[in-house]
J.: 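Have a look at this one before I ask anything.
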Amino acid sequence: MTIKTRVAPSPTGFVHLWFLRTALFDYLFAKKNKWIFMVRIEDTDQGRFVEWSIEAIIKMFERTGIMPDEWPSPYQDLWNWPYIQSERLDIYKKYIDKLIEEGSAYYCFCSAERLTEVRQQQTELKLPTKYDEFCRNIPLEDAKKRVENWEKYVVRLKIPKWEKLVFHDLVKWKVEFMTSEIEDTVLLKSDGFPTYHGAVIIDDFLMKVTHVFRWEEWLPSMPKQILTARALWIELPYYAHLPNVLWIDRKKLSKRTGDVAVENYLKKWYLVEALINYLAFLGWNPKTTEEFFTLDKLVERFDIADVHKAWAVFDVEKLNWMNAKYIQKTEINELYTKLVAYLKEYESDFYADVFVRHSREYNLAILKELQTRLIKFDDFIGLTWYFYKEAKLRLDLLINEKMWITWLDFAKNSLQIALDILNETKVLELDNLKNSFIEKIKSNSLKNWQVLRPVRVALSWEEFSPWAFELIMIFWIDESIQRIKKVIEHI
Ligand code: GLU
């Protein structure tokens, strides 16, 4: 038997970070054994349908490298069947009609007003609110006549009374449900579209899905799905309900509580490798102290037995930490290529007007300097602006009482020393430069930082920046001289 996992996103807006984690687990499970990973688009809720959302889903897979084997990609000619539910309406109708004929489902003609009224009465009587089965016993012949007369209807599944359903989940183990708690579920809506419950079981069966990883919130829908499958005489796939994810403040990771759109993380240019690595650990742990896993390594190590039952916590600080580590590990030319791609896509003005006007060596030297401090790419411009723009002089920054630089003329003298050294430097080389400074500082009976701090400030005009020597090595002699000269003139 071929094993096949699937995700079934609903295109209702941006792609949720949580969905990426679900897809990742499906993918890891499938790829580990060279099985199949499939994507189906569940767009039966036309009221919530957002057109660009399908494209966003496709883009997410392409960007993250979690590539499905079967999916509705416009670039893939593997069209075994439509992977989008709205293109499969005839199929659902055929199966649902069969359920009606066999007496497992029935036409329901109740109006929305009537249903609201029933609910209100139940609420007043403090009863559970559910459909009162008003149409359950209408003889099929009568019901068919009403349908022929264009009466509006939905199709409901007959839920058996007082039955205990026992279900075995790959993560949650044994789960039990009582059918008395469930109402007669709508399978087909009055607009001719199936409901989620109506379509999902039929599709998983026809598409030969064997394993479904999905989030815990779907667990309560299991009894409806078990009963739908039973009525259809089909076997259900195995399910793994993945633990929910909370924000660090223990609030649920929902659209309301914060940034949960995958696109936003890609926009801030978290490295895909870091994002995937971090998400993999939300609810899974390979029981090792090792924290860095490439996608290939995740595939190799993934084991469903290591998926937790307990809820996971999403901590953006930890993600930042991991991203910074990935930046540090990335080979500098590769990192540069990624930076260029990021700037082109998200900072196109800066890229065209500033970045490309400097040489590759210059830009690369800046990135190299930043590699140990950069957390994510969208911090790049803020951290390096002084390399690209002329700084506004802030003479107050030159004073630093702790370093006994208490008046501007003192700083001016230090800058003059630096200027003299730079003027004499013919070939710029880090060790020689350091030696020249140290000697000259000594002969002037000063402390190193009494010269190096003003130089650093004069070059960057930032309270915090790389050290003076590193700045000089990036700016090179002429630009350093020019910047220092300008300050001396201003003092
Ligand atoms: N369409 C559902 C969703 O958007 C899929 C649920 C499932 O995996 O069965 O989450």
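The shown structure was predicted, so the numbers you read here are calculated from the model rather than taken from an experiment. Indexing begins at 1, ligand by ligand and atom by atom, following the structure's order.
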J.: Could you check atom 1 (N) of ligand 1 against the protein and tell me its nearest heavy-atom contact, residue, atom and distance included?
T.: E42 OE1, 2.6 Å
J.: Hey, is ligand 1 close enough to V212 that some N/O pair sits below 3.5 Å?
T.: no
J.: What I want to find out is whether D97 reaches K93 closely enough, with some N-O distance under 4.0 Å, to be called a salt bridge.
T.: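 Salt bridge between D97 and K93, a charged N being under 4.0 Å from a carboxylate O: yes.
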J.: Salt bridge or not between D43 and R48? Use side-chain N to carboxylate O under 4.0 Å.
T.: no
J.: Any ion pair linking E102 and K98 (charged N to carboxylate O, less than 4.0 Å)?
T.: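 Yes, this pair counts.
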J.: Looking only at heavy atoms, is any part of E217 under 4.0 Å from ligand 1, and if so is it the side chain, the backbone, or both, or is it neither?
T.: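 Answer for E217: neither.
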J.: Only one of F29, Y27, F25, Y239 clears ring pair (Phe, Tyr, Trp, His ring centres under 6.0 Å) with H211; which?
T.: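 It is F29; the other options fail the test.
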J.: So which heavy atom in the protein is nearest atom 8 (O) of ligand 1, and how far is it from that ligand atom?
T.: R6 NH1, 2.7 Å
J.: Tell me the protein heavy atom at minimum distance from atom 2 (C) of ligand 1, and give that distance in Å.
T.: A8 O, 3.3 Å
J.: List every atom of ligand 1 that sits less than 4.0 Å from any heavy atom of S10, numbering the atoms from 1 in the order shown and giving each element.
T.: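 So the atoms of ligand 1 that pass are 1 (N), 2 (C), 3 (C), 4 (O).
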J.: Measure up the F302 and F213 rings against each other and bin them: parallel (under 30°), tilted (30 to 60°), perpendicular (over 60°).
T.: tilted
J.: Have a look at ligand 1 and work out which part of W215, if any, has a heavy atom under 4.0 Å from it: side chain, backbone, both or neither.
T.: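 Near ligand 1, W215 shows nothing, with every heavy atom at 4.0 Å or more.
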J.: Quick one: which of N320, N323, N264, D378 gives a side chain to side chain donor-acceptor pair (under 3.5 Å) with Y270?
T.: N320
J.: Counting only heavy atoms closer than 4.0 Å, does ligand 1 sit against the backbone of W218, its side chain, both, or neither?
T.: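 Contact part for W218 vs ligand 1: side chain (C-beta onward).
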J.: To the nearest 0.1 Å, how far is atom 9 (O) of ligand 1 from its closest protein heavy atom, and which atom is that?
T.: Y196 OH, 2.5 Å
J.: Are any of the side-chain nitrogens in K172 or E216 under 4.0 Å away from the carboxylate oxygens of its partner?
T.: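 Yes, K172 and E216 are salt-bridged.
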J.: Using a 4.0 Å cut-off to any heavy atom of R214, which atoms of ligand 1 qualify?
T.: 7 (C), 8 (O), 9 (O)
